[in-house]
Amino acid sequence: MDRARPVPGPVRRSARRSVLAVCTATVLAVPGMTALSSAARAADADLARNGGFEAGLDGWSCTAGSVVNSPVRSGASALRATPAGSDNAQCAQTVTVKPDSQYTLAGHVRGSYVYLGAGGTGTTDVSAWTQSAPDWQRLATTFRTGPNTTQVTIYTHGWYGTGAYHADDISLVGPGGDAVQPPAAPTAPTVGTVTSTGVGLSWPAVPGATGYAVYRNGTKVQTPTGTSTTVTGLTPSTAYSFQVTAVNAAGESAKSPVVTATTAAGPGGGDPVDLPAHALVGYLHASFANGSGYTRMADVPDSWDVIDLAFGEPTSVTSGDIRFDRCPAAECPGVESDAEFKAAIKAKQAAGKKVLISIGGQNGQVQLTTTAARDTFVSSVSKIIDTYGLDGLDIDFEGHSLSLNADDTDFKNPKTPVIVNLISALKTLKAKYGDDFVLTMAPETFFVQLGYQYYGTGKWGGQDPRAGAYLPVIHALRDDLTLLHVQDYNSGPIMGLDNQYHSMGGADFHIAMTDMLLTGFPVAGDAANVFPPLRPDQVAIGMPATTNAGNGHVPSSETNKALDCLTKKTNCGSYATHGTWPALRGLMTWSINWDRFGGWEFSKNFDGYFG
C-alpha cells in the first residue's frame, strides 16, 4: 500500500527473455553428412503436421521461432528461429506412430549448425545436422520405433550463440498410428471418507483411459492416474458436487454423473484467534503522514476489528532488520506519546480488537536472501510485537520483495531463498507466540490471481519472475494463516476462472478475484498443479476506502453487490461463482485514515450490511 496516493498500473512484464537450456543428444559426425532414407513404402504417409509452415506455427512448439515469407524452399512460408544465449531455438511437435515400425524424417534447412532429429523413439534417438548451409540443404535420417512406442517427438534447432536458421518442408514418412478415441465417461464416483476438509472418491476403471480428472463444483481440481483420490482443502460444513472424466492421448471424456458430499463440522470452529464472524480490517497510518491526516489510535472507531499499523520497514532491502518508527510530531501534529499509544492499543484489545504490525508497504522492500536475514527478521519483528504488546503480524510485501528463480516452478515445493526464508521466519514467529498469534497477508493481484495464467518466468522464460510469487508462501502457511486480503486495487486486468479478463471499477472484479481464492485454480493453467481453495473465514476482500486512497475504488452499492453474490449468490451480474460462502470473513481497506477523510463511509456501510 502507498503512503500517499498509490497510482502504479499493472506490473510490467520484463521484456528481457530469460534463457532456457534445451539439451538435445546428438552425434557429431562429419560436417554436412546425413543419413539418407530408402524409398517410402506405398502404405506410408507423411505424418508431420504443417511441415511447410504454411499455417504458421500450428502444430509446433517453438522457443524462439517465427514464420517468414522469405527465404522459402516451397510454398509461401518457412520457419526462422534464432538461438540466443543458452537457448538453441528448438521447434518440436509430437506425432502418433506405430510400434516396431520404420520411419524416415527429412527436411530442408539453411544456416550454420542446424539439426533435425527425433526423440522418444523407444530405440535409438536420431538426428542429422549440417555445419553450414548457405542455401537450402536436405537433411534426413531414419529410425525404428520400439515395441511399445506410440508417439515420437520430431524437432529442429540451431546451435547456441549462432545466427538464425531456416527450415522448411519437414516430413515424417511411415505408417500412421492407430487412431485413438477419447474414452467413455466414467460412472458416477462413490463418496468414501468425509472429513471437515476432505472428501474421498473412487470410481470403476474406464477401458482405454490413461488417467482421470476430478471436478469440484465444475472446476477441475485433480488429475489422478488411478481410480481413487481425496479432494482436500475444503471448507467445514459445506456441500460440494463432484464429477470425474477419463483421459487419454485423444482427449477427455464427457463428465460422469454428479455426486454430492457435505464436509463435517470443523473442530472448535477453526478460529483460534477469536475474530467476529464478519470482520473489518483497516490500515492505520502510524509511521507517516499524507493527505488523509493523522488519526490517533484512541480515535479509531469500534467498527474496526483488525487494525494494522503501517508500516514496519527494513533498514535495507536485504538486512531483514525491521524497524517501526512512529510518526514524529513535526510531521503528524497531534500525535500521541508512546505511553498514550500503548495504552490505546491495550484498550482496543480489551474491547476484542486485534492490533498488528504491518511489514512492507510500497516503500518497504524486504528480501530475506540469507538465513542470517531471516533470523534478524524474526528477532526484530518480535521486538516490535513485544514492545507494543501486539497481537500479530501482517505481511504487505510489494514491488520486488518476492520473486521466483527460473528453476522454481512448483509452488508446493519452493526453493527460491527469499520465499523459503520468509516461510521459515513466519512459521518461527507463529510457533513462538502460539495459536493466538494473528497472521495476515495483503498481496497484490499480480502475486496471487495472476498465477492462474503465469507463474514465475514460465516454462520458456521471459515472464516477470514475480508473477504468482505469493502462492508458495500462502500455501505453506495456509494452516497458520488467519486472513488473506488481496489488494483488489492498483491492478491491471486479471483473468478469472471464466477465462475472461476482469478489470477494476465494479463488483465483477471483486467477485471474480475472490471466487478464485475460494475455489482454487490450476497454477499457470496446469490442471495437475492446483492451488487449493482457502477457507472462507480466511478471506477478506481488499478495497480502497475512497477515490483518494487508490485506483479501483467502488461505491458502496458495488461493494454490497460483491458481498451479495459471494455470500448469498444474488446480484452476481455476468460472472458465475463456483460456490456460495456465507462465512466469508469480511473486508479490508486502505485505509482507516482515508475512511475518516471520506466521512467514514466505508466502515459505516460495512456495519450497515452485516448489522
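Computed from heavy atoms alone, side chains included, the values below leave out hydrogens, waters and symmetry copies. Worth saying up front: this structure is predicted, and the values here are computed from it rather than measured.
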Check side-chain contact (heavy atoms from CB on, under 4.5 Å) between S557 and all other residues, then give those that pass, not counting sequence neighbours.
-> P555

Only counting residues at least two apart or in another chain, list the ones meeting ring pair (Phe, Tyr, Trp, His ring centres under 6.0 Å) with Y455.
-> none

What class does the angle between the rings of F377 and F397 fall in, given that below 30° is parallel, 30 to 60° is tilted and above 60° is perpendicular?
-> perpendicular

Taking only residues two or more places apart in sequence or in another chain, which ones pass side chain to side chain donor-acceptor pair (under 3.5 Å) with N421?
-> none

Contacts of T150 that satisfy side-chain contact (heavy atoms from CB on, under 4.5 Å) - sequence neighbours left out | P99

The complete set of salt bridge (charged side-chain N to carboxylate O under 4.0 Å, His left out) pairs with one or both residues in residues 565-574, sequence neighbours excluded, reads D564-K568

For N413, enumerate each residue passing the side-chain contact (heavy atoms from CB on, under 4.5 Å) test, keeping only those at least two apart in sequence or located in another chain.
-> D410

For Y452, the ring pair (Phe, Tyr, Trp, His ring centres under 6.0 Å) test, sequence neighbours excluded, returns none

Can you list the residues that meet the side chain to side chain donor-acceptor pair (under 3.5 Å) rule with K412, with sequence neighbours excluded?
-> none

Name the orientation class of the two ring planes belonging to H278 and F610 (parallel below 30°, tilted from 30 to 60°, perpendicular beyond 60°).
-> parallel

Ring pair (Phe, Tyr, Trp, His ring centres under 6.0 Å) involving H578 - partner list, sequence neighbours excluded | none

Kindly say whether the aromatic ring centers of H502 and F509 come within a distance under 6.0 Å.
-> no

Residues in side-chain contact (heavy atoms from CB on, under 4.5 Å) contact with R49, at least two apart in sequence or another chain = D58, Q93

Show your working on side-chain hydrogen bond (donor to acceptor under 3.5 Å, both in side chains) between T245 and E252 and close with a plain yes or no.
-> CA-CA 7 Å; T245 61; E252 187 174 359; 2.5 Å; yes

Indicate whether any N or O donor in one side chain lies under 3.5 Å from an N or O acceptor in the other, for T445 and S491.
-> yes

Scan residues 515-524 for pairs that pass salt bridge (charged side-chain N to carboxylate O under 4.0 Å, His left out), counting only residues two or more places apart or in two chains.
-> none

Mind checking ring pair (Phe, Tyr, Trp, His ring centres under 6.0 Å) for Y212 and listing every partner two or more places apart, or none if nothing turns up?
-> W203

